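Chain A is the first sequence line, chain B the second, and so forth, proteins listed ahead of strands; every chain is numbered from 1. As the structure is a computational prediction, the values presented were derived from the model and not from experiment.
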2 protein chains.
Amino acid sequence: MSDPFRLSAFLPYRLAVLSARISRRLSAEYGRSHGLSVAEWRVMVHLQRCGEVSVREIHNCVNLEKSRVSRAVSRLAAAGLVRKAAARTDARLVSISLSAAGEAALTEILPAAIEVERRLLAAIPTADLAVFSRVIEAIHATLDTDPEARPRSPMDRTADD
Amino acid sequence: MSDPFRLSAFLPYRLAVLSARISRRLSAEYGRSHGLSVAEWRVMVHLQRCGEVSVREIHNCVNLEKSRVSRAVSRLAAAGLVRKAAARTDARLVSISLSAAGEAALTEILPAAIEVERRLLAAIPTADLAVFSRVIEAIHATLDTDPEARPRSPMDRTADD
DNA sequence: CGATGATCGTTGCGCCTGCAATGATATTGA
DNA sequence: TCAATATCATTGCAGGCGCAACGATCATCG
């Protein structure tokens with residue numbers, strides 16, 4: 001029979017497996033210390049970078065469904081890591097920002113997370129990493145032209161500048 | 001202040017976003033036609049390749065939690081795409097195999113899935129793809145030596161031979 | 001102004017998942 | 001042979017997710 005289909009050589013599968021494995025390893029860091037989920041982690045990181053923002057803005061920046069952001073923020077607020085306030089100019093928006101406890105948690109977690117990434121990439125030649133990034137970007141670019149594909153966050157398109 | 005942490009440059013985030021985007025684009029193919037989830041898709045593909053297998057075996061081969069496999073198989077059986085039978089030699093095992101309808105569905109879906117992958121990789125130089133695979137493998141290798149990381153399926157380690 | 005339509009955040013619903021516990025069967029070793 | 005242990009698949013449970021619908025607020029324009 002003809003060349004059987006090998007799941008383990010199929011790009012979507014390979015990326016899903018690798019991504020899941022890395023995510024799980026990473027959440028062993030920030031999950032153990034503060035019980036954060038992936039969504040909560042992304043929200044916290046974005047808040048540290050961008051200060052006071054709305055749900056919609058987080059949704060647009062970190063590739064999370066708006067309902068997912070809303071719930072993640074609620075959980076973080078319940079845990080005291082985040083503040084929710086009504087925006088001054090527009091009563092529809094919610095102004096979200098890190099609390100002191102949230103900043104402290106992030107200051108503690110962030111180095112560990114960066115260290116995980118560093119270890120994963122330590123043995124890889126710089127030139128290979130550049131190619132790796134280029135391929136990722138090329139795949140995204142192809143998806144950008146595909147009407148059936150989800151659009152990606154604008155912020156992800158300017159990753160390297 | 002010092003170099004702020006950019007989520008969009010963080011490897012785990014970048015891979016998660018890319019993988020999710022590809023997965024969603026792909027499931028637009030096999031989800032639209034037959035309503036398959038990712039878990040069900042993986043089970044079907046594995047069955048086509050390996051014939052009669054047990055839940056445990058699928059679990060070991062396609063990076064799915066055993067309960068996830070069990071439920072995916074149950075759903076597929078309910079949809080008539082898969083057969084479940086008691087194994088002859090060992091009454092604990094369940095012998096799972098594609099039904100005629102399952103084979104037909106897969107024959108219909110597989111080319112579309114492969115085409116999606118082909119399009120995504122079409123514009124990428126062969127040399128870059130080789131580097132890309134090498135980097136993926138290197139990251140996996142690092143994770144393999146990490147006691148905190150989940151082990152990966154043995155079958156994924158022999159992807160290219 | 002006032003009405004229509006757009007935007008924002010939340011929530012209800014159904015589904016899927018991970019984990020642990022369970023029951024059933026095999027294997028091991030005294 | 002039989003008790004203790006291991007393996008296999010399923011299931012209960014709690015929780016997160018995606019999607020659509022909703023109420024609340026704002027913007028637009030007649």
Taking only the side-chain nitrogens and oxygens of [X], find out if one of them lies under 4.0 Å from OP1 or OP2 of [N].
| X | N | value |
| --- | --- | --- |
| B:K66 | D:dT11 | no |
| B:S70 | D:dT10 | yes |
| B:R71 | C:dT17 | no |
| B:R92 | C:dA26 | no |

[atom1] of [X] versus [atom2] of [N]: gap in Å, rounded?
| X | N | atom1 | atom2 | value |
| --- | --- | --- | --- | --- |
| A:E40 | D:dG15 | CD | C1' | 11 Å |
| B:R56 | D:dA6 | CZ | P | 14 Å |
| A:H59 | D:dC17 | NE2 | C1' | 15 Å |
| B:R68 | D:dG12 | CZ | P | 20 Å |
| B:D90 | D:dA9 | CG | P | 8 Å |
| A:L64 | D:dG16 | CG | P | 14 Å |

Quiz item: When all nucleic acid strands are considered with a 4.0 Å heavy-atom cut-off, which category describes B:S54: base, sugar-phosphate, or nothing?
Solution: sugar-phosphate
Quiz item: Quick one, which residues of residues 72-82 of chain B touch DNA chain D with a heavy atom under 4.0 Å?
Solution: none
If we count only N and O atoms by modelled type, under 3.5 Å, do the side chains of [X] and [Y] hold a donor and an acceptor together?
| X | Y | result |
| --- | --- | --- |
| B:S95 | B:R83 | no |
| B:S54 | B:R56 | no |
| A:D156 | B:S8 | no |

Quiz item: Distance-only, no hydrogens or angles: does the A:S99 side chain make a donor-acceptor pair with backbone N or O of A:G102 under 3.5 Å?
Solution: yes
Quiz item: Below 4.0 angstrom, N of the basic side chain to O of the carboxylate: do B:R21 and A:D146 qualify?
Solution: no
Quiz item: Taking 4.0 angstrom as the limit, do A:R42 and A:E65 come out as a salt bridge?
Solution: no
Practice problem: If the plane angle is over 60° it's perpendicular, under 30° parallel, otherwise tilted; pick one for A:F10 and B:W41. | Solution: tilted
Exercise. Would you mind reading off the bend of the helix from C:dC1-D:dG30 to C:dA30-D:dT1 from its two end axes, five pairs each, to 10 degrees?
Key: 10°
